Amino acid sequence: MTNNEIAKIFNETADILEIKGENIFRVRAYRNAARVIDNLIEKLSDIVAQNPDELNSIKSIGKALHDKIIEFCQTGKIKEFDNLKNSLPSGLLDMLKIQSFGPKRVRLVYEKLGIDNVDKLEKAASEGKIRVLPGMGEKSELKILKSIRDFRTLQTDRKSWAEAEQILNDYLNYLKKIDGIDKIQPAGSFRRCRETVGDLDILITCSGDTEKIISHFAEYPEVLEILAQGETKSSVVLKDKIQVDLRVVKPESFGAAMQYFTGSKEHNVALRSHAKEKNMKLSEYGVFQKDKSIAGENEENVYNSLGFDWIPPEIRENRGEIAMAKNHSLPKLITLENIKGDLHCHSTHSDGSATIPEMAAAAKRLGYEYLAITDHSKSLTVAHGLDERRLLEEITEIDVFREQNPDFFVFKGIEVDILADGSLDLDDEILSKLNFPIAAIHSRFGMGSAEMTERIVRAIKNPFIRCVAHPTGRLIGERVPYEIDIAKIIAAAKENNVALEINASPHRLDMNENFTFQAREAGVPICINTDSHSPDGFLAMRYGINVARRAWCTTENIVNAWSLEKLKSWLKLPREKTEVKEKQENMEEQIQEELF
DNA sequence: GCCGTTTTCGGCCCGACTGTTTTCAGTCG
Ligand SMILES: Nc1nc2c(ncn2[C@H]2C[C@H](O)[C@@H](COP(=O)(O)OP(=O)(O)OP(=O)(O)O)O2)c(=O)[nH]1
Ligand SMILES: [Mg+2]
Ligand SMILES: [Mg+2]
Ligand SMILES: [Zn+2]
């Protein structure tokens with residue numbers, strides 16, 4: 001039983017209670033708890049089994065939900081939830097997904113007309129049977145029919161941040177063509193750099209006529225449908241099947257509007273509550289103290305006027321950042337400019353398209369000081385993985401390169417395959433001749449969690465491995481992460497002083513933000529690597545930076561933000577080993593000598 | 001249902017758009 005199962009139950013409970021007309025704050029409590037549980041990395045079932053008291057320290061979980069979690073972990077179900085679910089037709093929950101059709105209307109048509117699924121609602125609306133209900137009319141029926149068509153044709157997954165960026169930039173370029181715009185900025189989950197975005201949110205400031213700007217927004221040729229169009233905001237759906245929300249405010253409200261429109265919603269609610277406690281009011285128009293505006297134009301001033309440091313958008317998730325902003329203890333988040341090298345890339349020796357000198361030159365152009373060449377190992381035949389002989393050739397080539405390029409350091413690496421039993425594709429003798437071997441799984445993804453975890457932990461314990469690449473193996477939209485015990489992987493990495501990778505390739509982003517958050521909290525060193533197979537691949541670094549920032553990482557946490565000197569001394573640290581300790585001791589002298 | 005250096009009870013963010021209404025409820029951001 002996973003956390004996500006419990007979160008889903010709480011979300012569904014909230015939906016059912018809301019349809020039943022329950023107190024909205026009780027409904028919200030379920031949704032808050034669901035969200036907190038979804039963000040939790042430790043498994044609730046483990047907590048319940050090992051240390052149930054720990055449940056009490058989880059925010060938004062009180063006595064009632066605490067008991068429900070225990071019940072679910074012990075019996076596999078929650079009686080009250082089952083009863084609730086049986087008390088309503090399940091089709092009502094589908095109806096909630098229809099735009100502009102919420103819990104009140106679901107209840108209305110169910111009670112008055114016996115409508116309990118989307119098909120029946122569509123039929124009733126097309127037969128003019130909805131207009132007789134209080135608050136409903138002819139236009140409502142048309143809107144329902146349109147929304148149901150959208151529900152059937154436009155339902156899509158959230159888009160990746162990288163894909164959304166393309167769509168956004170095209171739209172921004174179009175919008176900028178009109179006169180009268182003061183500032184134009186992306187907001188919402190895109191500005192917070194979430195891995196995926198549900199829609200795009202754009203803020204515009206203008207001192208004059210907002211109507212012209214909003215019409216221009218709605219007349220974009222890529223617009224499929226206009227959902228709403230008023231004097232300060234509009235929403236459209238694009239042919240790409242993504243919604244775009246526009247908000248327009250006066251320049252003096254730019255900062256407050258950015259704060260509002262960037263969110264997250266939970267962050268906003270918490271921040272506004274703090275304002276209220278101080279007898280102030282925060283809205284998208286500004287910070288107000290007895291109806292007088294005391295901040296608004298500048299976002300930093302908005303935070304400062306409420307007694308908080310400015311908070312980077314990436315961490316505005318109400319995960320404790322507001323308290324830290326109050327006592328000036330926010331982390332100084334890693335930036336792209338802090339990155340000094342890339343510790344996972346490929347050359348023509350395996351499946352890369354560029355030579356080692358070409359890759360190094362590209363890294364140098366980015367201002368990097370070092371690079372690790374980590375080609376594939378022999379068992380990955382499709383990628384022309386290196387056997388011992390070819391790896392020795394590569395090592396020799398790097399030696400020559402080093403002599404010719406004293407101002408740039410190339411680490412001798414390998415992305416060695418972790419075989420099914422956790423042993424490595426190359427033996428220790430050849431690994432000892434390298435200075436940045438990383439390990440990764442490229443085969444047998446289907447094994448169970450316990451076995452897979454043991455497999456990776458065994459690789460971590462190898463004394464020559466410095467990093468585990470793409471630790472969960474997911475390919476976004478293609479392959480789900482393999483089952484592993486994340487807590488155990490983190491503990492092993494910490495104990496053995498092995499780094500875990502944020503693979504920055506937009507198809508991977510692995511570790512993801514929650515895994516990274518937990519790894520950072522445990523003090524595990526983290527690499528942000530692009531896994532480049534060509535010089536252009538290095539440009540993906542910024543996607544990995546997004547993940548790291550959202551996980552609260554600073555330069556201290558990120559191995560490839562360290563200076564070459566610091567990185568080298570970290571690599572020389574003695575490592576506690578169990579399985580292979582004796583072997584390591586024998587080879588210790590050799591390692592120290594040959595490391596660089 | 002959760003939560004507490006002003007509280008263990010009484011709050012819980014604030015505002016825009018739509019369609020219906022004659023002053024506002026519902027939905028959404
Ligand atoms: N104060 C307040 N702000 C909200 C509320 N709902 C949304 N917002 C703000 C914060 C959001 O980040 C922003 C944009 O709303 P969205 O629904 O697009 O959410 P967001 O972009 O965060 O996530 P998404 O990826 O689109 O699902 O509007 C709310 O109920 N109250
Ligand atoms: Mg959004
Ligand atoms: Mg939005
Ligand atoms: Zn690779």
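Lettering of chains follows the sequences in order, A, B, ..., and the numbering in each one begins at 1. This structure is a prediction, so every number in the text was calculated from the model and none was measured.
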> Distance between the P atoms of B:dG10 and B:dC17, in whole angstroms?
Replying inline: 37 Å
>> Give me the distance, rounded to whole Å, that separates B:dT6 from B:dG11 when you measure between the C1' atoms they each carry.
In response: 14 Å
> Under 4.0 Å: is that the gap between some side-chain N or O of A:Y285 and OP1 or OP2 of B:dA16?
Replying inline: yes
> How are the rings of A:W552 and A:F517 set to each other: parallel, tilted or perpendicular (split at 30° and 60°)?
Replying inline: perpendicular
> What is the nucleic acid contact for A:P134, judged by heavy atoms within less than 4.0 Å: base, sugar-phosphate only, or nothing?
Replying inline: nothing
> What distance, rounded to whole Å, do you find between the two C1' atoms, one in B:dG4 and one in B:dT8?
Replying inline: 8 Å
>> Whether the side chain of A:N338 engages the backbone of A:T335 through a donor-acceptor N/O pair (distance < 3.5 Å, no angle test) should be reported.
In response: yes
>> Checking contacts here: which listed nucleotide (B:dC3, B:dG19, B:dG29) is nearest the side-chain heavy atoms of A:D245?
In response: B:dG29
>> Let's see if you can work this out: which of B:dT20, B:dC12, B:dC17 has an atom nearest to the side-chain heavy atoms of A:T232?
In response: B:dC17
> Nearest to the side chain of A:V269 - B:dT20, B:dC13, B:dG29?
Replying inline: B:dC13
> With both distances under 3.5 Å as the test, what is the Watson-Crick or G-U wobble partner of B:dT8?
Replying inline: none
> How far, in whole Å, is B:dT21 from B:dG26 if one measures between their P atoms?
Replying inline: 13 Å
> OP1 or OP2 of B:dG1 sitting under 4.0 Å from any side-chain N/O of A:S60?
Replying inline: no
>> Side-chain N or O of A:R272 versus OP1/OP2 of B:dC13: is the shortest distance under 4.0 Å?
In response: no
> How close or far is atom P of B:dC28 from atom CD of A:Q99, stated in whole angstroms?
Replying inline: 6 Å
> Taking CD1 from A:I37 and P from B:dG1, how many angstroms apart are they, rounded to a whole number?
Replying inline: 14 Å
>> Taking only the C1' atom of each, what is the distance from B:dT23 to B:dT18 in whole angstrom?
In response: 15 Å
> Starting at the 5' end of DNA chain B, which residue's closest nucleotide do you reach first, A:S235 or A:L65?
Replying inline: A:L65
> Rounded to the Å, how far apart are A:R247 CZ and B:dC17 C1'?
Replying inline: 10 Å
>> Given 3.5 Å as the limit, does a donor-acceptor pair link the side chain of A:D510 with the main chain of A:N503, or not?
In response: no
> Does the side chain to side chain contact (heavy atoms under 4.5 Å, CB included) test come out yes or no for A:E222 and A:I167, once each step is laid out?
Replying inline: CA-CA 10 Å; A:E222 290 297 307; A:I167 298 169; over 6 Å; no
>> In whole Å, I'd like the distance from the CZ atom of A:F10 to the C1' atom of B:dG1.
In response: 11 Å
> With respect to the side chain of A:D199, which nucleotide from B:dC14, B:dC12, B:dG29 is positioned closest?
Replying inline: B:dG29
>> If you only use heavy atoms from C-beta on, which nucleotide in B:dG15, B:dT18, B:dC3 is closest to the side chain of A:K59?
In response: B:dC3
>> Looking at A:Y260 and B:dG29, is any side-chain donor or acceptor paired with a base atom of the opposite kind under 3.5 Å?
In response: yes
>> Can you measure A:I130 atom CD1 to B:dG19 atom C1' for me and round it to whole angstrom units?
In response: 15 Å
>> Can you see if the side chain of A:R107 gets near the phosphate of B:dG26 - specifically, an N or O under 4.0 Å from OP1 or OP2?
In response: no
>> Testing the basics here: between A:S189 and A:R158, what is the closest heavy-atom pair and its distance to 0.1 Å?
In response: OG-NH2, 4.4 Å
>> Say we look at B:dC13 and B:dG19: how far apart would their C1' atoms be, to the nearest angstrom?
In response: 25 Å
>> Looking only at the side chain of A:K233 (C-beta and beyond, no hydrogens), which of the listed nucleotides B:dA16, B:dC12, B:dT27 gets closest?
In response: B:dA16
>> Mind checking if A:I24 touches a base, just sugar-phosphate, or nothing, with heavy atoms under 4.0 Å?
In response: nothing
>> Can you check the distance between B:dT27 and B:dT20, where both ends of the measurement are the C1' atom (answer in whole Å)?
In response: 14 Å
>> Within 45 degrees of the ring normal and closer than 6.0 Å to the centroid, is that where the cationic atom of A:R26 sits relative to A:Y30?
In response: no
> NA contact type, A:L108, heavy-atom cut-off 4.0 Å: base, sugar-phosphate, or nothing?
Replying inline: nothing
> Which value, in whole Å, describes the distance between the C1' atoms of nucleotides B:dT7 and B:dC12?
Replying inline: 14 Å
>> Main chain of A:N318, side chain of A:E321: is a donor-acceptor contact present, judged purely on distance under 3.5 Å?
In response: yes
> Which nucleotide in the list B:dG1, B:dG19, B:dC12 gets nearest to the side chain of A:S140?
Replying inline: B:dG19
>> Measuring from the side chain of A:K104 (C-beta onward, heavy atoms only), which nucleotide among B:dT18, B:dT20, B:dG26 has the closest atom?
In response: B:dG26
> Is any side-chain nitrogen or oxygen of A:K276 closer than 4.0 Å to OP1 or OP2 of B:dG11?
Replying inline: no
>> Nearest to the A:R28 side chain among B:dC2, B:dT20, B:dC13, which nucleotide is it?
In response: B:dC13
>> Tell me the interatomic distance from A:E138, atom CD, to B:dT20, atom C1', rounded to whole angstroms.
In response: 13 Å
>> Over 60° means perpendicular and under 30° means parallel, so tell me whether A:F217 and A:Y171 are parallel, tilted or perpendicular.
In response: parallel
> What's the CZ-P distance between A:R131 and B:dT21, to the nearest Å?
Replying inline: 12 Å
> Rounding to a whole Å, what distance do you find between A:K265:NZ and B:dT27:C1'?
Replying inline: 12 Å
> Counting only side-chain N and O atoms of A:Q243, is one of them less than 4.0 Å from OP1 or OP2 of B:dG29?
Replying inline: yes
